[in-house]
Each structure stands twice: as structure tokens, then as C-alpha cells.
Protein chains: 2
Amino acid sequence: MPRTLPEPSVDSFDLTVILSALADPGRRTLMRALYDSVDPIDCAILVARVDLGLSNPTISHHYRVLREAGLTRTVADGRKRVVRVRRDDMEYRFPGLLQAVLGAPEREGGQAEAREGRM
Amino acid sequence: MPRTLPEPSVDSFDLTVILSALADPGRRTLMRALYDSVDPIDCAILVARVDLGLSNPTISHHYRVLREAGLTRTVADGRKRVVRVRRDDMEYRFPGLLQAVLGAPEREGGQAEAREGRM
DNA sequence: TCCATTCTTTGACCGTCATCGAATCATAGA
DNA sequence: TCTATGATTCGATGACGGTCAAAGAATGGA
């Protein structure tokens, strides 16, 4: 029987907590991978895909931080953990934030970008 | 003679540094006051207006963090410090980020907001 | 030149955080 | 029931960050 792990209600989102959660590069990497996918993803598969180079306890810690900030929803089903971004809730409380944080390149010319106009 | 205090070039903006800078409530308060104003503001006047309840060294520290992240530009003229948001640079590197962070209410029903539709 | 004012830097303190190894827990399968 | 597997918790450690008091520039005025 799947059970949803503890998470804050959308009304109790805290911008400080959310920005602190997004301030970590590893957590942003997880968020981007989740953000690109519409469907929920198996935690283990996601981790294997992005390869953060961190230990299992640390990964688990990061998942928890994201979930307790309200950024993700995690459903435990047996030994499996399925996670997804709380898009609607985030959009309701902080419109455009996820797109601005996850959509922009980390550094100048990071990923494939438009790169036109403006000097 | 006015001199601009050291700041990063727009090409060396670091999302981790910027989000960390914005993760502090006091710094966000400063940023909002700056963001609402089009013209540069005298640091002392700004601080007096928002009243963070912090010591002078701490305020100075926060100003420095914002500046070194690339969020603000500070010009020293005599004993006066004039600061403003680097809107264009931020918009170029992280479009929509400042609006998303500074425009949304900190908590549910924080400031005067639309509050319509959506349950 | 000297003093008073204002901001910054320094140094220290303390709490928080990222990280890992080891131990613990929970579940699926034999 | 027993065991193997995957995730979490615990405990420790090192680093970072916010804060302030005290000391140190820098400036404007007497």
C-alpha cells in the first residue's frame, strides 16, 4: 500500500526554506531531472541517472530536504520511493520560481541555450 | 569621486551564490525595498526605512553578500553609499528570478495580493 | 590639524548544514 | 521464517553562515 511521506501543506510553504533547499547544487540537479519528467520517478533510477557522487545517506537527506520544503512529493511503495515535483503548489505560491531557477543555465553558456541578441 | 565597489561580472554569476544570498530573510527585505525603487538608494536611508533590527556590522555584511553575489551595485561617494539592483544583469542571466522571489508573498496572505480563483 | 561621525573589517561565538560510516528498519522473495 | 536488498536514522566531523562587540579606516566639518 503506497503511503505519502510527510510534507507541508501549500499554505505553509516558507520562502526561506524553499530557497535554502534550492541553493544546493546537488538538490538542484535532482530537481531538474524531476522537472524534466512529467511522471513520477523512482528515486533509485533518478539517482543512478544523474550520478551525484554522494553516499546513500546523503542522497536520502537531500530528498528529505526537498520534500520537507514542499518542492517534491514522495510516495513510498514497498521498498520503492517514487518522487515528483509539486508543480501546481509551487506555481500557486511562487509563480515562475521553479522555471527561473531550474530553467536557466547554472553558468554562462552552461547548457544549450538560445544565445542570441544582447551583445 | 564616486567609486563602484567590487562586484562580479555578469558572466561569472553563480546560481548557488545568488540563491544563498536570497535565502536570508533580512537580505530579501533589503532587496524588496531596492526592487520597488527605480533609482539608487542611500544605504543608510534604506536601512532606516526597513528597520531590520540588526547591528551595523551585520547590515554591512548583508550588503556585501548581495553585492558580491551580483544582485546589487554599490557606489561609494564620500561617506555615503548608494545601492541599486542590477536588474538587467540578473534578467539576462536568470530571467524572472527576482520577480518570482521578491514579488511573491513570503507566507500565505503575506502582503496585499490578488487572492481570487483557485479554491 | 583635529575631532566626530559613519561605515567596514576583524575576531570570536554559536548554530546549522553537508557529508559519511555504521547501525537500524522495512520489505520482497526464497 | 530467514535472508538479501534498498532506504533511513544515528552519531560524528568539518565547514559554513549570521551575529555582535571592538577595533580600524574614511570622510566632513570645526
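Quick note: numbers below take in every heavy atom, side chains included, and nothing from hydrogens, waters or symmetry partners. Convention: sequence-line order gives letters A, B, ...; per-chain numbering from 1.
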For the residue pair [X] and [Y], establish whether any side-chain heavy-atom pair is separated by less than 4.5 Å.
| X | Y | result |
| --- | --- | --- |
| B/V83 | B/D42 | no |
| B/L71 | B/L98 | yes |
| B/P6 | B/R67 | yes |
| B/I18 | B/R93 | no |

Presence of B/R79 side-chain N/O under 4.0 Å of D/dA25 phosphate oxygens OP1/OP2: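 No, no such contact exists.
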In whole Å, what is the span from the [atom1] atom of [X] to the [atom2] atom of [N]?
| X | N | atom1 | atom2 | value |
| --- | --- | --- | --- | --- |
| A/D42 | C/dA28 | CG | P | 13 Å |
| A/L46 | D/dA7 | CG | P | 11 Å |
| B/R3 | C/dC7 | CZ | C1' | 11 Å |
| B/R81 | D/dA25 | CZ | C1' | 10 Å |
| A/L5 | D/dG6 | CG | C1' | 14 Å |

Expected output: side-chain A/Y92 to main-chain A/V10 donor-acceptor under 3.5 Å: no
Backbone N/O of A/P25 and side chain of A/T29: donor-acceptor pair under 3.5 Å: yes
B/R49 side, atom CZ; B/L30 side, atom CG - distance, nearest 0.5 Å: 11.0 Å
Between CZ on residue B/F94 and CD on residue A/Q99, distance to nearest 0.5 Å: 13.5 Å
Verdict with reasoning, A/L54 to A/H62, per side chain to side chain contact (heavy atoms under 4.5 Å, CB included): CA-CA 10 Å; A/L54 296 174; A/H62 285 319; 3.9 Å; yes
Check against salt bridge (Lys or Arg N to Asp or Glu O under 4.0 Å), A/E68 and A/R64: CA-CA 6 Å; A/E68 292 183 340; A/R64 180 210 272 256; 3.0 Å; yes
Working for side chain to side chain contact (heavy atoms under 4.5 Å, CB included), residues B/R73 and B/D89: CA-CA 11 Å; B/R73 169 163 300 147; B/D89 290 337; 4.0 Å; yes
DNA chain D-proximal residues of residues 61-70 of chain B, any heavy atom under 4.0 Å: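 B/H61, B/H62 - these, ordered by number, are the residues of the stretch whose heavy atoms sit under 4.0 Å from the strand.
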For DNA chain C, stems built from three or more consecutive Watson-Crick or G-U wobble pairs below 3.5 Å: C:1-30 with D:1-30
Restricting both atoms to N or O, compile the protein contacts to nucleotides 20-24 of chain C shorter than 3.5 Å, with distance only.
residue : atom : partner : partner atom : Å
C/dC20  : OP2  : A/S55   : N            : 2.8
C/dC20  : OP2  : A/S55   : OG           : 3.0
C/dC20  : OP2  : A/T58   : OG1          : 2.9

